[in-house]
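The next block holds one structure in the form of structure tokens; read it before the comments.
Treat the numbers as computed from the prediction; the structure is a model and nothing was measured. We use all heavy atoms of the structure for the numbers below, so side chains are in, but hydrogens, waters and symmetry mates are not.
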Amino acid sequence: MDYIKKGFVDYVAKHKVAVIFLIVCLVVIFLSSFAASAVQTDGWSVEVTDLRDVENEGTKIITTVDENDVVTEKEVAIEGKVVSGILFVPEKASAENPLPGIVLTHGYLNNREMQLQNAIELARRGFVVVTIDREGHGNYENTGSTNAMMATSGMYDAVKYLYNLDYVDKTKIGISGHSMGGYTTASVLMQDAANGYNLVAAGLMQAWSTFMGAGANVDVGFLKAYDDEFFFTTKENGGTISREFMSTTTAKTFVGNATMEGAVQSGTIYVGGTPVETVGGQAVDGTFRVIYEIPGVHPQNHCSVEGAEAVVNFFYNSFGTPSGYEYIEETSQTWWVKEMFSLIGLIAFFALLFPLVSLLLTVPFFRSLAVGKQETNENGELVWVGNAPVEPKPLKGVRKNLTYWLGAIGIMLFSGFVIQSVCTEYGGKWFPNTQLYPQDTTNWVAMWAVVVALFSLAVILFFWVVNKAANRIKYHEDAPLYDDNPFAAGKIPTGLAGLAKTFLLAMVTVFIMFLILFVNWSCWTVDFRIWTFAVKVFDVGVMLPTMVRYAVFFGIFFTVSALFNENYRAKNLPEWASILINVFFNIFGVLLVIAIQYGEFTTTGVMWQPDMALGYIVLIPMVPILAIATVISRRMTAKTGNMWLGAFINTMLFTIITCANTASSFAYVMG
């Protein structure tokens with residue numbers, strides 16, 4: 001026992017920096033998640049549960065009146081179901097004190113966690129909330145139905161689930177969804193009225209502009225961004241754009257007064273077309289209509305203080321302050337604090353990778369992959385024993401500077417300005433959705449990644465040939481002394497066996513990281529995220545085979561990217577500066593086209609590239625991904641002397657993150 005203890009102490013002392021770094025990362029992950037959970041549960045006063053495939057049953061008496069005024073009562077079964085949801089139950093909810101219930105859902109390509117800001121704010125005010133995955137998203141697998149992406153059954157089934165809970169007030173159930181989830185909200189309102197069940201008492205459509213009808217006593221509202229990429233445009237007066245919507249007849253008709261002077265006032269409650277005074281936390285007398293217009297654009301609705309304020313205000317006006325709770329002003333919000341702690345956890349999650357790899361490289365099985373050390377040989381020369389690091393190259397002379405900077409700039413600009421063509425023109429043709437590759441946007445993003453990788457490789461080869469030719473002309477037979485090998489970082493460590501061992505090391509690293517994620521989720525029901533960039537849990541058995549198939553395409557990108565990152569290192573630049581330069585080159589092309597799109601959109605209300613309204617939203621998380629992947633690539637090369645470990649880790653890590661956070665048009669297949 002003493003021997004083991006001494007060995008452990010010696011190991012820790014020898015690798016003290018990595019051990020301390022690892023411990024700090026783990027502590028930050030769990031403490032930030034603990035704090036995020038404390039905010040999410042309002043100091044543990046709200047019970048938060050991850051629901052998977054839960055069902056319940058109940059009944060309701062439906063009363064109908066025919067054309068002869070004959071009243072008929074019929075008992076119908078109410079079958080509730082939540083395939084994938086997060087349930088928030090305030091502590092004062094009980095059969096003796098039933099509270100209002102709200103179903104929230106997300107938009108296209110998102111998942112249930114995207115409505116957490118609204119769930120947190122409503123639950124801490126005394127509302128029972130369930131935020132659900134829509135079919136084909138998150139943990140709700142596509143059933144193979146032709147209309148899965150537009151399906152409304154998930155939300156309506158969740159409404160029925162809440163209705164059957166004895167601690168939910170059956171007369172006060174509301175629904176709200178964002179974007180395509182707004183369509184789902186509108187459809188459920190119409191369906192509930194048509195079948196006469198009248199389970200839903202209020203519906204707020206976020207970022208969706210079409211109202212299709214609701215029950216006579218149902219409160220309905222719109223929540224819109226000032227500029228919306230997709231909705232709130234009309235054909236009135238030759239065509240209007242989103243920022244003009246409040247002045248349109250469409251908006252005025254919705255609130256019940258098509259002939260009103262001026263514009264509909266944001267947040268004003270209209271009963272029978274007339275504005276009414278409201279009191280904070282008190283239900284409005286009468287059925288109302290309201291339109292909230294908040295700053296920002298379409299995807300900001302669900303990451304916005306103003307957005308959360310509008311959602312809370314709507315349900316306060318509809319249901320009043322829940323029994324046993326005091327009114328909390330709509331502007332008093334805590335969700336963003338939870339978001340900040342989740343961001344801290346996200347940073348610690350990625351930081352964990354570096355000490356983890358350092359320590360794994362000390363394991364005897366992986367030790368041969370690590371950079372060796374310098375020793376003096378019999379001739380008194382310093383030589384590397386084991387893997388040698390990638391040596392920076394001197395950046396001297398006009399030609400070398402031109403090839404260094406022009407190549408990087410060319411790749412950077414190409415990566416940004418080719419996006420539109422790949423997304424809108426060639427994506428569906430070259431890489432259509434199939435059973436094996438079922439994710440709508442992952443296909444074209446993967447194709448874009450391969451196109452950029454091939455272009456980058458062509459640029460590297462071109463300047464290599466140019467420099468070799470120039471050196472031949474200038475130095476003749478001494479030319480090999482001046483040639484730089486752009487593929488030096490791609491040497492296979494100790495042959496194919498070493499490459500296989502490197503791949504295994506990457507697998508072990510990523511496995512441990514996601515194991516920590518899943519354990520953390522099971523403890524606190526929080527993951528690591530900021531807005532649309534998230535590292536989230538997923539159904540491993542269902543999604544992993546699809547992730548493996550997509551990894552082939554992303555692997556091409558991250559392998560060439562790793563090579564690119566090692567070519568752009570110069571001896572006269574410190575490592576931190578080289579990393580920042582590489583980060584800039586890797587993200588600026590994408591960032592530039594996004595900035596142009598939204599710069600023009602928020603200035604004029606009209607997009608630079610209207611056909612990319614969705615495309616650039618999809619790529620917003622790619623900006624931090626590319627930056628983080630660059631750092632990982634550089635640091636892994638520093639640890640192993642070649643680019644392969646970084647390429648493998650980036651491929652696995654970011655393929656999983658990408659596939660776990662988007663939609664599928666087909667059911668996942670195992671084969």
Side-chain angles (χ1 to χ4, degrees), residues 36-49 85-105 112-132 158-159 162-163 165-178 185 200-204 206 219 221 223 267 269 278-285 288 290 292 294 301-339 341 525-526:
S37 179
V39 176
Q40 181 170 269
T41 60
D42 195 33
W44 320 114
S45 68
V46 175
E47 183 180 358
V48 179
T49 307
I86 304 175
L87 179 65
F88 294 73
V89 182
E91 63 181 352
K92 295 179 182 178
S94 67
E96 295 72 31
N97 184 48
L99 301 178
I102 313 295
V103 178
L104 301 173
T105 196
R112 60 189 185 170
E113 288 84 3
M114 294 305 294
Q115 285 291 314
L116 282 179
Q117 72 162 27
N118 298 321
I120 290 169
E121 293 306 323
L122 289 167
R124 65 187 284 255
R125 288 169 168 83
F127 295 86
V128 177
V129 182
V130 60
T131 174
I132 62 168
V159 167
L162 286 187
Y163 181 87
L165 298 175
D166 62 2
Y167 53 80
V168 171
D169 186 336
K170 300 183 190 310
T171 67
K172 296 181 178 180
I173 295 179
I175 58 176
S176 184
H178 178 261
T185 302
V200 180
L204 178 64
Q206 307 170 36
D219 302 320
L223 189 162
I269 302 297
T278 60
V279 178
Q282 291 188 18
V284 171
D285 185 15
F288 68 82
V290 61
Y292 300 94
I294 64 174
N301 288 180
H302 45 54
C303 190
S304 160
V305 169
E306 293 86 357
E309 180 181 345
V311 172
V312 171
N313 179 263
F314 177 81
F315 288 111
Y316 263 150
N317 282 318
S318 186
F319 300 144
T321 303
S323 174
Y325 288 83
E326 295 182 357
Y327 167 64
I328 301 175
E329 289 188 7
E330 289 88 335
T331 54
S332 174
Q333 300 178 20
T334 62
W335 68 270
W336 61 269
V337 180
K338 184 266 178 188
E339 193 83 351
F341 281 120
T525 322
V526 295

Side chains of Thr185 and Val103 in contact at under 4.5 Å (non-hydrogen atoms): no
So how far is it from Ile120 CD1 to Trp335 CH2, rounded to the nearest 0.5 Å? 9.0 Å
Residue pair Phe288 / Val290: nearest heavy atoms and the distance that separates them: CE1-CG1, 3.9 Å
Return yes when atom CD of Glu329 has more than 12 non-hydrogen atoms of other residues, nucleotides or ligands closer than 6.0 Å, and no otherwise. no
Sub-4.5 Å side-chain heavy-atom contact between Tyr316 and Ile328: yes
Applying ring-ring contact (aromatic ring centres under 6.0 Å, His included), name anything that partners Tyr325, two or more places apart in sequence or on another chain. none
List in chain and number order the residues that pass side-chain contact (heavy atoms from CB on, under 4.5 Å) with Thr171, two or more places apart in sequence or in another chain; answer none if no residue qualifies. Asp169
Separation between CZ (Arg125) and OH (Tyr327), nearest 0.5 Å, reads 8.0 Å
For the residue pair Ser318 and Asp219, what are the closest heavy atoms and their distance? OG-OD2, 2.7 Å
Flag side-chain contact, heavy atom, 4.5 Å: Gln117 against Glu339: no
Could you report the tightest heavy-atom contact between Phe319 and Ala283, atom names first, then the distance? C-CB, 3.9 Å
To the nearest 0.5 Å, atom OG1 of Thr131 lies from atom CD1 of Ile102 at 12.0 Å
Residues in side-chain contact (heavy atoms from CB on, under 4.5 Å) contact with Thr105, at least two apart in sequence or another chain: Ile132, Arg134, Met155
Can you sort out the partners of Glu113 under side-chain hydrogen bond (donor to acceptor under 3.5 Å, both in side chains), two or more places apart, ordered by chain and number? none
With Phe88 via ring-ring contact (aromatic ring centres under 6.0 Å, His included) - residues at least two apart: none
Check the pair Val305 / Thr331 against side chain to side chain contact (heavy atoms under 4.5 Å, CB included), numbers first and verdict last. CA-CA 8 Å; Val305 169; Thr331 54; over 6 Å; no
The side-chain contact (heavy atoms from CB on, under 4.5 Å) partners of Ala310 (sequence neighbours excluded) come to Leu223, Tyr292
Under 3.5 Å, side chain of Gln40 to main-chain N/O of Thr525, donor-acceptor pair present? yes
Looking at Leu99 and Pro322, what are the two nearest heavy atoms and their distance? CD2-CB, 4.0 Å
On a heavy-atom basis, the closest approach of Phe314 and Gly203 is CZ-O, 3.4 Å
Non-hydrogen side-chain atoms of Leu162 and Val159 separated by less than 4.5 Å: no
With Tyr163 via side-chain hydrogen bond (donor to acceptor under 3.5 Å, both in side chains) - residues at least two apart: none
Partners passing ring-ring contact (aromatic ring centres under 6.0 Å, His included) against Trp44 (at least two apart in sequence or in another chain): Phe34
Where is the tightest heavy-atom contact between Ala123 and Pro90, given as atom of each residue plus distance? O-CG, 3.6 Å
Residues two or more places apart in sequence or in another chain: which of them pass side-chain hydrogen bond (donor to acceptor under 3.5 Å, both in side chains) with Ser176? Gln206
Any donor-acceptor pair under 3.5 Å linking the side chain of Asn97 with the backbone of Ser323? yes
All side-chain hydrogen bond (donor to acceptor under 3.5 Å, both in side chains) counterparts of Thr49, not counting sequence neighbours: none
Out of curiosity, Ile269 CD1 to Asn317 CG, how far, rounded to the nearest 0.5 Å? 4.0 Å
For Ala95, is there any backbone N or O sitting under 3.5 Å from a side-chain donor or acceptor partner on Asp166? no
Pairwise side-chain contact, Val311 with Glu330, heavy-atom cut-off 4.5 Å (strictly under): no
Gap separating the NZ atom of Lys338 from the CG atom of Asp42, nearest 0.5 angstrom: 14.5 Å
Is there a donor-acceptor pair closer than 3.5 Å between any side-chain N or O of Arg112 and the backbone N or O of Leu104? no
Check side-chain contact (heavy atoms from CB on, under 4.5 Å) between Glu306 and all other residues, then give those that pass, not counting sequence neighbours. Ile294, Pro295, Ser304
